[in-house]
Amino acid sequence: MTTQFRNLDFDPTRPLDAWPQEAIETLIDRGTLSDWRALAAAIRRNPWGPAARTAERLTSYGEHYGVDALITDVIHRARTQIDLQARAHYAQQIRAWRATTGMTLRQLARLAGTSASRLSDYENAKVAPTTDILGRLHQIASLHSAHEAEPHQGVRGLPKPL
């Protein structure tokens with residue numbers, strides 16, 4: 001860090017998530033490009049962490065000219081990236097569950113209480129499923145796996161084995 005912190009008693013070598021609000025405000029207000037890059041890196045590591053939330057609050061006042069817009073954009077992009085990664089993870093999991101059951105989109109959607117088009121949206125990471133839907137899909141996949149392990153026991157709501 002090249003910024004000088006006057007009248008602040010803290011360790012500037014600690015991670016930015018551990019910095020006091022006044023230090024982050026000083027960094028935004030009087031920092032250099034390398035300081036702002038360090039803040040952006042901390043925000044990308046933890047988009048909902050203390051440094052990101054503090055920066056979000058401070059930049060919402062609009063007092064730091066162009067820096068506010070840049071930091072706000074970094075926060076928005078970092079959070080969006082996390083959301084996209086989560087959707088991709090859910091999509092992969094849902095496709096795996098459907099493969100485990102051997103069901104069509106329509107069959108699995110019907111059992112989960114949703115539509116085939118919505119289930120397709122989940123599988124293609126267009127939208128994130130609710131925890132309720134994730135729970136239902138997991139239960140269906142688990143029951144189907146148990147059903148396959150013990151084919152003589154019927155599992156209510158699932159297709160009978162061939």
Side-chain angles (χ1 to χ4, degrees), residues 1-101 103 105 108-109 111-145:
M1 295 285 146
T2 58
T3 302
Q4 298 297 313
F5 297 97
R6 297 178 286 220
N7 303 319
L8 290 178
D9 186 22
F10 78 104
D11 182 1
T13 63
R14 295 197 57 205
L16 271 74
D17 275 340
W19 282 24
Q21 176 180 322
E22 295 81 8
I24 292 175
E25 185 170 17
T26 299
L27 191 78
I28 292 170
D29 192 39
R30 295 192 320 242
T32 64
L33 186 56
S34 64
D35 296 330
W36 297 328
R37 282 184 180 142
L39 178 58
I43 291 167
R44 285 187 199 100
R45 268 191 307 279
N46 192 1
W48 286 278
R53 291 201 184 270
T54 299
E56 181 179 36
R57 186 174 50 257
L58 293 170
T59 58
S60 72
Y61 304 142
E63 298 174 351
H64 305 99
Y65 309 108
V67 177
D68 287 344
L70 293 173
I71 297 298
T72 299
D73 187 56
V74 168
I75 293 168
H76 173 74
R77 287 175 188 255
R79 290 177 178 174
T80 299
Q81 184 62 35
I82 294 290
D83 291 343
L84 292 174
Q85 289 170 350
R87 278 194 221 162
H89 173 76
Y90 296 140
Q92 179 184 6
Q93 183 63 65
I94 292 168
R95 284 191 304 271
W97 286 334
R98 191 160 66 87
T100 297
T101 64
M103 293 182 197
L105 268 171
L108 185 56
L111 291 174
T114 190
S115 67
S117 64
R118 186 54 127 184
L119 186 58
S120 176
D121 287 346
Y122 298 149
E123 284 192 4
N124 291 301
K126 291 181 182 176
V127 294
T130 64
T131 55
D132 292 342
I133 291 293
L134 283 173
R136 291 179 210 161
L137 293 169
H138 180 258
Q139 181 186 26
I140 292 165
S142 296
L143 288 174
H144 190 271
S145 295

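- Among all heavy-atom pairs drawn from Gly49 and Asp17, the shortest one is C-OD1, 4.0 Å.
- Heavy atoms only, all atoms of each residue included: Ala116 and Ala109 are closest at N-CB, 3.6 Å.
- No hydrogens or angles considered: nothing links the side chains of Thr26 and Asp29 as a donor-acceptor pair under 3.5 Å.
- In this structure, the side chains of Met103 and Leu111 come closer than 4.5 Å at one or more pairs of heavy atoms.
- Taking each heavy atom of Glu63 and Asp68 in turn, the nearest pair found is N-OD2, 3.0 Å.
- Residues Ile140 and Trp97 fail the side-chain proximity criterion, which asks for heavy atoms closer than 4.5 Å.
- Side-chain contact between Ile71 and Ile43: present, with at least one pair of heavy atoms (C-beta onward) separated by less than 4.5 Å.
- Taking every heavy atom of both residues into account, Asn124 and Ala91 meet most closely at N-CB, 4.4 Å.
- Note that CD of Glu22 and CG of Leu27 are 13.0 Å apart. Values are rounded to the nearest 0.5 Å.
- Nearest approach of Pro129 to Tyr122, heavy atoms of both residues: CA-CE2, 3.5 Å.
- Within the model, atoms CD1 of Ile75 and CZ of Arg44 stand 11.0 Å from one another, a figure rounded to the nearest 0.5 Å.
- Counting heavy-atom neighbours within 6.0 Å of Asp11 CG, excluding the residue itself, gives a total above 12.
- Side chain of Arg95 to backbone of Glu123: a donor-acceptor contact under 3.5 angstrom is found.
- Here the CG atom belonging to Asp121 is positioned 10.0 Å from the CZ atom belonging to Arg87, to the nearest 0.5 angstrom.
- Rounding to the nearest 0.5 Å gives a distance of 11.0 Å between NZ of Lys126 and CZ of Arg118.
- Side-chain contact between Thr54 and Trp19 is absent, with no heavy-atom pair separated by less than 4.5 Å.
- No more than 12 heavy atoms of other residues, nucleotides or ligands lie within 6.0 Å of CD in Gln92, so this atom counts as exposed by the packing criterion.
- Listed here is the closest heavy atom pair of Trp36 and Ile28: NE1-O, 3.4 Å.
- The distance from atom CZ of Arg57 to atom CD of Glu25, rounded to the nearest 0.5 Å, is 9.5 Å.
- Between Leu137 and Leu119 the shortest side-chain heavy-atom distance falls below 4.5 Å.
- Remark: the backbone N or O of Thr32 is paired with a side-chain donor or acceptor of Asp35 at under 3.5 angstrom.
- A distance of 9.5 Å separates CG in Asp83 from CZ in Arg79, rounded to the nearest 0.5 Å.
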